[in-house]
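Below: the structure, in structure tokens.
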Amino acid sequence: MMLSMRLTTSSAALRRNSRRCITSLPSWATLDPTSLGSATTPHSVTNLVNGQWTTPAKSLIIPNPMDKDAPPVCTVPDTQPEELTPFIESMNRIPKSGVHNPLKNVERYLQFGEISRKAGAALSDPTIAEFFIQTIQKTVPKSHAQAAGEVKVTADFLNNFGGDNVRFLARSFGIPGDHYGQFSNGHRWPYGPVAIIAPFNFPLEIPVLQLMGALFMGNKPVLKPAEKCALVMEQFLHLLHDCGMDRNDVDLLNCQGPVAESLILNSNIRLTQFTGSSRVADMLLEKTKGKVKIEDAGFDWKILGPDVEDVDYVAWQCDQDAYACSGQKCSAESILFAHENWEKAGLFDKMKENASTRSLDDLSVAPVLTHTTKDFLGHTARLLEIPGAKLMFGGKELDNHNIPEVYGAVEPTAVFVPLKEMLKDENFEVCTTEIFAPFQVVTTFADDERSLVIEACERMSNHLTAAVVSNDVEFQTAILANTVNGTTYAGRRARTTGAPQNHWFGPAGDARGAGIGTPEAIKMVWSCHREIIMDTVVPSGWEQPKAT
């Protein structure tokens, strides 16, 4: 069957995706996810500032991403610059020493341990989990399994920091001094007022993990979620309040980018954590004079070594890495370097076959929210102009869809580009441009071309995730020793899309880089080092020495 014939949908199929049972809505919820995108009166998202939910004068209409003829999913506040005063005042009230620190309001470490425990238990409840799964799906369409995975990772993270684990994040250390009565103590110290700018693709997991890390360390955050999915974090804040968090602990600002920038530049916000495009990250870094921690673009590579085994598994993982969530992951497989042995073993044919099974019916293919169909096809065409390039599969608009024109509706696509042509100056930039969509560049290499693969990795600009698919220890070590990506899987089961709560996820090789998930990531991003030297005893019989 042709790939384009399988990638179809119908209104009936879309309705089936909403039939998973939510037996009852949580008491704190202010929306019913089953009605999103179908109710004639859409849900109205609100701001939160100084403990009060507020609605600005203007709003943005968020269209139904699956059906341009259906009612909107929701409306989101379009906060204007003149409405920022309460947010600025809220941030300016927070001292540089934070809301709590190792010497101040230390009981809050325990309070947030309990809040985290309760929130983790709530997200582990099947009914509440399904509430968030369906809310995610209605705003950022992805398969039920992918949305459920996002909720589970978030729940596991919250469970990890229940009890005493929040205060363990602020563990201090001591070093003996030079003389009797002197002792130095290293502390993890908050920044105070901070901002979080979160992306659309993981509307629960990414903002929750960064938000809770900021709170754990004693900061007061203002959260600016992506407009398309703001209602997810609105509902999560309602959950946190139900778990005992004070409404004054977090501000929620819904606005467009320039307004968020105005808040950051006109208040005493001392750190902004940004997840998103490199272009915006660079702009924020320049305007804030470097007071930004970033997790920006992810043009992520996978290298398949010369040892070929488990071809079916590797083909499946390549498909998942490149096309799950329609490639809208910063960890998605953007480029595949396959030793020529894998092509001979039929890997590419298996990848094409796997991609052909994806469908809008189960959201294993979904709308692309940051590129139009025209943009996507234009990029594909530009790559096909490279000598020796060829379309492996895809490269077409989806059949029988009703996705709004402002979004993309495209088949999973792979374009082959010869390695030596890719490395030419006139081609390299377009071959290594991240397309936040179901798209990847594929190339092959021979035994004597390994250095060219390493050269390509060295020349890339972003170093987020990577995979070395090889159990050949010599090959594996050579690649790992000469690359820098922050989250790198190695071995036969290596993947690029891995961001569970149990290991660091973030870039490397960038002093501005921000990690997520682990205690090390939280401490690095949301606190700084402060050294306090206690020096208390003046020796008896001290005599004043000659001035020096």
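Between T46 and E234, the side chains place a donor N or O and an acceptor N or O closer than 3.5 Å (distance only, hydrogens not considered). Side-chain N/O atoms of N201 and Q328 include no donor and acceptor closer than 3.5 Å. With hydrogens and angles left out, the side-chain atoms of N47 and T79 include a donor and acceptor closer than 3.5 Å. Between the side chains of N101 and R188, no donor N or O sits under 3.5 Å from an acceptor N or O. Side-chain contact of E520 with H503: a donor-acceptor pair under 3.5 Å is absent, judged by distance alone. K104 and S97 are linked by a side-chain donor-acceptor pair at a separation below 3.5 angstrom, with hydrogens and angles left out of the test. A side-chain N or O of K329 and one of Q146 form a donor-acceptor pair less than 3.5 Å apart. For the residue pair Q501 and N160, no side-chain donor N or O sits within less than 3.5 Å of a side-chain acceptor on the partner. Between Q273 and T275, the side chains place a donor N or O and an acceptor N or O closer than 3.5 Å (distance only, hydrogens not considered). Side-chain contact check for D32 and T34: at least one donor-acceptor pair (N or O, by modelled atom type) lies under 3.5 Å. For the residue pair H463 / D300, no side-chain donor-acceptor distance below 3.5 Å is found, with atom types taken as modelled.
Salt-bridge check for R108 with D249: passed, with a basic side-chain N closer than 4.0 Å to an acidic carboxylate O. Between R512 and D282 there is a salt bridge, since at least one side-chain N of the basic residue sits less than 4.0 Å from a carboxylate O of the acidic one. By the 4.0 Å N-to-carboxylate-O rule, K142 lies close enough to E150 to be salt-bridged with it. A salt bridge links K224 with E227; the closest basic N to acidic carboxylate O contact falls under 4.0 Å. With respect to the salt-bridge test (charged N to carboxylate O, under 4.0 angstrom), the residues D251 and K220 qualify.
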Derivation of the side chain to side chain donor-acceptor pair (under 3.5 Å) call for E107 and Q111: CA-CA 6 Å; E107 68 279 358; Q111 289 172 5; 5.0 Å; no
Pair N462-E434, side chain to side chain donor-acceptor pair (under 3.5 Å): steps then yes or no: CA-CA 10 Å; N462 304 104; E434 182 186 21; over 6 Å; no
side-chain contact (heavy atoms from CB on, under 4.5 Å) between M460 and V484, worked out: CA-CA 11 Å; M460 293 177 197; V484 301; over 6 Å; no
Derivation of the side-chain contact (heavy atoms from CB on, under 4.5 Å) call for W301 and I335: CA-CA 5 Å; W301 51 259; I335 188 166; 3.6 Å; yes
H379/F439 under ring-ring contact (aromatic ring centres under 6.0 Å, His included): CA gap, chis, key distance, verdict: CA-CA 10 Å; H379 180 74; F439 182 88; 5.3 Å; yes
Derivation of the side-chain contact (heavy atoms from CB on, under 4.5 Å) call for Q440 and S334: CA-CA 5 Å; Q440 65 176 320; S334 302; 5.9 Å; no
Verdict with supporting geometry, T497 and Q320, side chain to side chain donor-acceptor pair (under 3.5 Å): CA-CA 8 Å; T497 53; Q320 283 292 108; over 6 Å; no
Derivation and outcome, side-chain contact (heavy atoms from CB on, under 4.5 Å), residues F274 and E295: CA-CA 6 Å; F274 172 79; E295 196 263 273; over 6 Å; no
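Of the possible donor and acceptor atoms, none in the side chain of W542 sits under 3.5 Å from a partner among the backbone N and O of Q544. Panel note: side chain S90, backbone P86; no donor-acceptor pair is recorded below 3.5 Å. Looking at D242, its side chain never comes within 3.5 Å of a backbone N or O of H238 through a donor-acceptor pair. In this structure a side-chain-to-backbone donor-acceptor pair under 3.5 Å is missing from T272 to A195. At distances below 3.5 Å, not a single donor-acceptor pair connects side-chain atoms of Q210 with backbone N or O atoms of I206. In terms of modelled atom types and a separation under 3.5 Å, the side chain of E83 and the main chain of Q80 share a donor-acceptor contact. Not one N or O on the side chain of H43 forms a donor-acceptor pair closer than 3.5 Å with the backbone of S35. When atom types are taken as modelled, the side chain of N64 and the backbone of G37 share a donor-acceptor pair closer than 3.5 angstrom. Under the 3.5 Å distance criterion, the side-chain polar atoms of N485 are matched with a main-chain donor or acceptor of T465. D321 contributes no side-chain N or O that, together with a main-chain N or O of E333, makes up a donor-acceptor pair within less than 3.5 Å.
When all heavy atoms of C457 and T483 are compared, the closest pair comes out as CB-CG2, 3.9 Å. Between N219 and W526, the shortest heavy-atom distance links the atoms ND2-O, 3.0 Å. Closest non-hydrogen pair, L204 versus F236, comes out as CD1-CD1, 3.9 Å. Nearest heavy atoms, N159 versus A121: OD1-N, 3.6 Å. Heavy atoms only, all atoms of each residue included: A366 and S326 are closest at N-OG, 2.7 Å. Nearest heavy atom pair, residue F216 against residue S116, reads CZ-OG, 3.8 Å.
M233 contributes atom CE, which lies 12.5 Å from atom OG1 of T135 (distance to the nearest 0.5 angstrom). Rounding to the nearest 0.5 Å places NE2 of H100 at 4.5 Å from OH of Y109. Distance check: K138 NZ to L31 CG gives 10.0 Å after rounding to the nearest 0.5 Å. With rounding to the nearest 0.5 angstrom, the CG atom of L284 is 15.0 Å from the NZ atom of K289. Taking CD1 of I294 as the reference point, atom CG of D510 lies at 5.0 Å (rounded to 0.5 Å). In this structure, the separation between CD1 on I522 and CG on L209 is 7.0 Å, given to the nearest 0.5 Å.
Looking at L223 and P207, their side chains come closer than 4.5 Å, going by heavy atoms from C-beta outward. The closest side-chain heavy-atom distance from W53 to L252 is below 4.5 Å. Under the 4.5 Å side-chain criterion, counting only non-hydrogen atoms from C-beta, F183 is not in contact with I175. Contact annotation: the side chain of S527 never approaches that of P190 to less than 4.5 Å [non-hydrogen atoms, C-beta and beyond]. H529 is not listed as a side-chain neighbour of W189, based on a closest heavy-atom distance of 4.5 Å or more. A 4.5 Å side-chain heavy-atom check between W504 and T487 finds at least one atom pair inside the cut-off. In this structure, L211 and V250 have side chains that are in contact, with non-hydrogen atoms separated by less than 4.5 Å. Counting heavy atoms from C-beta outward, T488 and L480 have side chains that approach closer than 4.5 Å.
Within a 6.0 Å radius of CD in Q182, more than 12 heavy atoms belonging to other residues, nucleotides or ligands are found. Surrounding CD of E531 are more than 12 heavy atoms belonging to other residues, nucleotides or ligands, all under 6.0 Å away. For Y180, the OH atom is loosely surrounded, since the number of other residues' heavy atoms within 6.0 Å does not exceed 12.
The aromatic rings of F161 and F157 are tilted relative to each other, their planes meeting at an angle between 30° and 60°.
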